[in-house]
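Single-structure report; data block below.
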Number of protein chains: 2
Amino acid sequence: MPRTMSAPRLTQQDCSNCPIRHSAVCARCEADELERLESVKYYRSYKAGQQIAWAGEPLDFVGSVVEGVATLTQTMEDGRRQMVGLLLPSDFLGRPNRAKATYDVVATTDLVLCCFRQKPFQELLLDTPHISQRLLEMTLDELDAAREWMILLGRKTAREKIASLLSIIARRDASLRENPAEQSVVFDLPLTREAMADYLGLTLETVSRQISALRRDKVIVLEGKRHVTVPDFDLLMSETGDDSDGGIFG
Amino acid sequence: MPRTMSAPRLTQQDCSNCPIRHSAVCARCEADELERLESVKYYRSYKAGQQIAWAGEPLDFVGSVVEGVATLTQTMEDGRRQMVGLLLPSDFLGRPNRAKATYDVVATTDLVLCCFRQKPFQELLLDTPHISQRLLEMTLDELDAAREWMILLGRKTAREKIASLLSIIARRDASLRENPAEQSVVFDLPLTREAMADYLGLTLETVSRQISALRRDKVIVLEGKRHVTVPDFDLLMSETGDDSDGGIFG
DNA sequence: TCTCCGCCTTGATCGAGATCAAGCAAAGAA
DNA sequence: TTCTTTGCTTGATCTCGATCAAGGCGGAGA
């Protein structure tokens, strides 16, 4: 399939603001591929709390998170809810070749997405094998994360669930500040207690109680409801029930 | 990259015994690709109960299930166990470009795998874009299944969990016999009560009690411990907690 | 035929987390 | 200012599934 673009070539540098480059698509792109990427990508912004897609309703784009946090949630007929995806910056949203959303998608903070319409993205995938290979790797990583999440849901105690979620957010939070000597980590929770409960398969009351318990036991320090300091990351990790080897960024 | 094979071409028919054709790899293969597939694939057999891989230990092949059932299981330090994958015929095992197993893999029935060593499979992926595209689709399907599983683990009652597992196995069991008039379905459980408990995030006692309860309520009929008849599949589905639209094979 | 062992069932009791309920604090809106 | 709303905390009580315990059953091997 011929490439019809004829604009001047873009350098890697020119594409540095393309979040897809860091996630789904152009880690190994050639200049002419980058140029094509630039020509079909566009941005969408959402306010905190805004719903991006409804389960079963049309969703005609895919994309990746540039900034902010979004959640995928499934609701049962009687109202029970379970979060099944937590999208942080660089995570991918949507499924190629699927016109409808499978889950409710909600922005839990102000959010910026870098998007591609389904059709041009399809063509990109067909023309550019390494993009689908990259997408395969990302999806396999997401599957591993889903399996970790299944262990959390199936076998961990409420306290272990909270500690695990805090360590997951701490690990990935961009504003994370770490003092190597003290192993102290600081971040803001991007989720309400209720959203945390939906993530963990708990009620919001249990989430609140267990956070209070971790604070009482000095595993975490809270300023306000959302700002968390972890004075000793190893201590937090020891509460997760996970194998304890590997450093903060292991 | 040149193809160096020069043996006589194989027809689609010749590859009909290749389970990969029905799963990961050659749904859209050309004859010369099939020939290459044939040249690198091989079979492995396991007895019921035999362990195929150990978490963290080397696993230098990928493959797909031809016959039988295998499970992926994660064990926590204190012995708590959670199943994170149930592999039925045509499912894919292993991760391209990863030399070590992430989970314990166990054959729960006699099992036949159609395998590829990592290195030739890598090359196959690089040479044959539609194979990695097919693998991407399969992985996305697996991710959807993992997310359904998360809802089960996080929000369903013990009774709903059992009903869900029975319907999942019934749906996919090859020996399934269905009478369209009566909606009656018959199959054998490929898992022990303990393995079912590991799947569902329950104890084996609770599994046993809930199966007894479903039998008492005539949702299922048991002959022996493993042979299940579902007299009314819609009735079973109504016990799962899932949205009830869509037929048996919906 | 007996015995053993793996797999399963059932009963009694316990406890972690759910549910029901009350109230606090901060941020808007009137 | 006062009222309302949203998000959160804490207390009292309940319940579902875990835990502890005792057998049953059926197939394999002596």
Side-chain angles (χ1 to χ4, degrees), chain A residues 47-50 71 76 78-82 106 108-109 152-166 188-217 220-228 239 241, chain B residues 47-50 71 76 78-82 106 108-109 152-166 188-217 220-228 239 241:
Chain A
K47 286 278 162 211
Q50 202 178 346
T71 62
M76 292 170 69
D78 60 3
R80 281 175 283 176
R81 283 197 304 168
Q82 177 62 50
V106 177
T108 63
T109 65
L152 178 148
L153 290 171
R155 296 302 187 192
K156 288 189 177 179
T157 65
R159 186 180 173 102
E160 287 170 342
K161 286 178 174 182
I162 297 287
S164 299
L165 177 54
L166 293 176
D188 284 300
L189 286 171
L191 301 176
T192 64
R193 300 292 187 263
E194 188 178 23
M196 294 176 70
D198 288 342
Y199 184 109
L200 300 169
L202 297 170
T203 59
L204 71 90
E205 293 95 329
T206 297
V207 169
S208 180
R209 270 186 257 271
Q210 293 298 333
I211 287 179
S212 297
L214 287 175
R215 189 184 44 193
R216 208 164 34 242
D217 299 345
I220 59 174
V221 177
L222 279 181
E223 287 169 68
K225 315 291 188 183
R226 301 288 194 90
H227 191 75
V228 180
E239 297 280 355
Chain B
K47 287 279 163 207
Q50 201 178 345
T71 62
M76 293 170 69
D78 60 3
R80 282 175 283 175
R81 283 197 304 167
Q82 177 63 51
V106 177
T108 64
T109 65
L152 178 149
L153 289 170
R155 295 304 187 190
K156 289 188 178 179
T157 65
R159 186 181 174 101
E160 288 171 339
K161 285 178 175 183
I162 297 285
S164 299
L165 177 54
L166 293 176
D188 284 299
L189 287 171
L191 301 175
T192 64
R193 299 292 186 264
E194 189 179 22
M196 294 175 70
D198 288 343
Y199 184 108
L200 299 170
L202 298 170
T203 60
L204 69 90
E205 293 96 326
T206 297
V207 169
S208 182
R209 271 186 257 271
Q210 294 297 334
I211 288 179
S212 297
L214 288 175
R215 188 183 46 193
R216 213 167 27 246
D217 299 344
I220 59 174
V221 178
L222 280 182
E223 288 167 68
K225 315 289 189 185
R226 301 287 193 94
H227 191 75
V228 180
E239 296 280 354

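Order of the sequence lines fixes the chain letters, A, B, ..., with proteins taken first and strands second; residue numbering starts at 1 for each chain.
Rounding to the nearest 0.5 Å places OG1 of B:Thr71 at 11.5 Å from OH of B:Tyr199.
As a whole-Å value, the separation of A:Ile211 CD1 from D:dT10 C1' is 14 Å. Rounding to whole angstrom units, CG of residue B:Leu222 and P of C:dC8 are separated by 11 Å. Distance, B:Leu200 CG to D:dG17 C1': 13 Å, rounded to whole Å. Protein atom CD of B:Gln82 is 15 Å distant from nucleotide atom C1' of D:dA18, rounded to whole Å. Spacing between atom CZ of B:Arg193 and atom P of C:dT10 amounts to 10 Å, rounded to whole angstrom units. Nucleotide C:dT10 holds its C1' atom 16 Å from the CG atom of B:Leu214, rounded to whole Å. At whole-Å resolution of the value, CG in B:Asp78 and P in D:dT19 are 10 Å apart. For B:Glu194 and C:dG6, the CD to C1' distance is 11 Å, given to the nearest whole Å.
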Side-chain polar contacts of residues 207-214 of chain A - donor-acceptor pairs under 3.5 angstrom, sequence neighbours left out - could you list them?
from, atom 1, to, atom 2, distance (Å)
A:Ser212, OG, A:Ser208, O, 3.0

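Taking 4.0 angstrom as the limit, A:Ser208 places none of its side-chain polar atoms (N or O) nearer than this to OP1 or OP2 of D:dT10.
Residues B:Gln82 and B:Leu153 have side chains in contact (heavy-atom distance under 4.5 Å, counting atoms from C-beta outward). No side-chain heavy atom of B:Glu239 sits under 4.5 Å from any side-chain heavy atom of B:Thr157.
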A correct 5'-to-3' footprint of nucleotides 16-29 of chain C, with B, S and - meaning base, sugar-phosphate only and no protein heavy atom under 4.0 Å, is -SSBB---------
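A distance-only check finds no donor-acceptor pair linking the side chain of A:Arg215 to the backbone of A:Ile220 [under 3.5 Å].
Contacts of A:Arg226 with the nucleic acid, taken as non-hydrogen atoms under 4.0 Å apart, involve only primed sugar atoms and P, OP1 or OP2. Note on A:Thr192: only backbone sugar-phosphate atoms sit closer than 4.0 angstrom, heavy atoms only; bases stay farther off.
Under the rule for a salt bridge (charged side-chain N to carboxylate O under 4.0 Å, His left out), A:Arg193 has no partner lying at least two apart in sequence or in another chain. Residues passing the salt bridge (charged side-chain N to carboxylate O under 4.0 Å, His left out) test with B:Glu205, sequence neighbours excluded: none. Taking the salt bridge (charged side-chain N to carboxylate O under 4.0 Å, His left out) definition, one finds that B:Arg80 meets it with A:Glu160, B:Asp78, sequence neighbours left out. Looking at residues two or more places apart in sequence or on another chain, you find a side-chain hydrogen bond (donor to acceptor under 3.5 Å, both in side chains) between A:Thr206 and A:Thr203.
Axis orientation changes by 30° from one end of the helix from C:dT1-D:dA30 to C:dA30-D:dT1 to the other, with each end axis drawn from 5 pairs and the value rounded to 10°.
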